[in-house]
Amino acid sequence: MWPRIDGLRTLDLGVPGELRGTRNALVLTGRKRATAGLLEADRTEGEEPETVGERLVLVGSDGQRVTEVVVESVDITPLGSVPWDFARAEGEGDADLAEWRAGHIAYWQSVGRTVDDRTDIVCVRFALAPPT
């Protein structure tokens, strides 16, 4: 199961350290409004994909709350079919879809996951959540 904070599922962007810090900063500045995950990883963790309207707690490398986001859309699609407008919304500076795919494949391989263009990806778009 994913960790929970105040009953909300957490969202951890990348591995702890510099990568997570950089991605979290992109969220806080408004540049990053999407993230891609592996459907298989969700299922392995005993979780279902995010749902529209769900609030998630974005966490830092220490596992503590950075901010909250609200899910705006969720699409499950093979890696080879992820559209450029989604990849661009991830806000990580990829020049094109090929660069985005290569970077994601390399990342997932670095954490022990084998992926190819047929691997199902959970494409989540989000916005900073308004205060409660």
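- At most 12 heavy atoms of other shown residues, nucleotides or ligands fall within 6.0 angstrom of atom CZ in Arg118.
- Note on Arg33 versus Glu92: no salt bridge recorded, every NZ/NE/NH1/NH2 to OD/OE distance being 4.0 Å or above.
- When all heavy atoms of Asp117 and Pro78 are compared, the pair lying nearest together is O-CB, 3.4 Å.
- Between Phe126 and Thr35 the shortest heavy-atom distance is CE2-N, 3.9 Å.
- Taken together through direct or relayed side-chain contacts under 4.5 Å among Ile, Leu, Val, Met, Phe, Trp and Tyr, Val122 and Val70 form parts of separate hydrophobic clusters.
- Here the closest non-hydrogen pair linking Leu79 and Trp108 is CD1-CZ3, 4.2 Å.
- Side-chain contact between Arg65 and Leu58 is absent, with no heavy atoms from C-beta onward closer than 4.5 Å.
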Show the numbers, then the answer: is there a side chain to side chain contact (heavy atoms under 4.5 Å, CB included) between Leu38 and Asp120? CA-CA 6 Å; Leu38 298 175; Asp120 283 332; over 6 Å; no
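- When atom types are taken as modelled, the side chain of Ser81 and the backbone of Thr77 share no donor-acceptor pair closer than 3.5 angstrom.
- Note: the hydrophobic cluster containing Val52 does not contain Val124 (ILVMFWY, side chain heavy atoms under 4.5 Å, direct or indirect links).
- The existence of a salt bridge linking Glu68 and Arg55 is confirmed by a sub-4.0 Å separation between a basic side-chain nitrogen and an acidic carboxylate oxygen.
- Residues Val59 and Gly63 share a closest heavy-atom pair of CG1-O, 3.6 Å.
- A donor-acceptor distance shorter than 3.5 angstrom exists from the side chain of Thr10 to the backbone of Pro3, with no hydrogens or angles considered.
- Under the 3.5 Å distance criterion, the side-chain polar atoms of Asp94 are left unmatched by any main-chain donor or acceptor of Asp96.
- The shortest distance between side-chain heavy atoms of Ile76 and Pro49 falls below 4.5 Å.
- Here OG of Ser61 is found 8.5 Å from CG of Leu19. Values are rounded to the nearest 0.5 Å.
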After noting the C-alpha distance and the side-chain angles of Leu56 and Glu54, does the key distance pass the side chain to side chain contact (heavy atoms under 4.5 Å, CB included) rule? CA-CA 6 Å; Leu56 304 169; Glu54 181 177 8; 3.6 Å; yes
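- Nearest approach of Phe86 to Ala34, heavy atoms of both residues: CE1-CB, 3.5 Å.
- Heavy atoms from other residues, nucleotides or ligands lying under 6.0 Å from CD of Glu40 number 12 at most.
- Salt bridge Glu48/Arg43: present, at least one basic N to carboxylate O contact under 4.0 Å.
- With contacts defined as side-chain heavy-atom distances shorter than 4.5 Å, the pair Ile121/Leu39 does not qualify.
- By the 4.5 Å heavy-atom criterion applied to side chains, Val82 and Trp100 are counted as neighbours.
- The structure places CH2 of Trp2 at 5.5 Å from CD of Glu47, a figure rounded to the nearest 0.5 Å.
- Nearest approach of Gly60 to Arg20, heavy atoms of both residues: O-NH1, 3.3 Å.
- A 4.5 Å side-chain heavy-atom check between Thr51 and Val74 finds every atom pair outside the cut-off.
- Residues Ile105 and Trp84 share a hydrophobic cluster, clusters being chains of Ile/Leu/Val/Met/Phe/Trp/Tyr side chains in contact below 4.5 Å.
- Using a 4.5 Å cut-off on side-chain heavy atoms (C-beta onward), Leu13 and Leu11 make contact.
- Of the candidates Arg31, Arg23, Lys32, Glu90 forms a salt bridge (charged side-chain N to carboxylate O under 4.0 Å, His left out) with just one, namely Lys32.
- At least one cation-pi condition fails for Arg101 and Tyr107: the charged atom is not both under 6.0 angstrom from the six-membered ring centre and inside a 45 degree cone around its axis.
- The closest side-chain heavy-atom distance from Leu28 to Val66 is below 4.5 Å.
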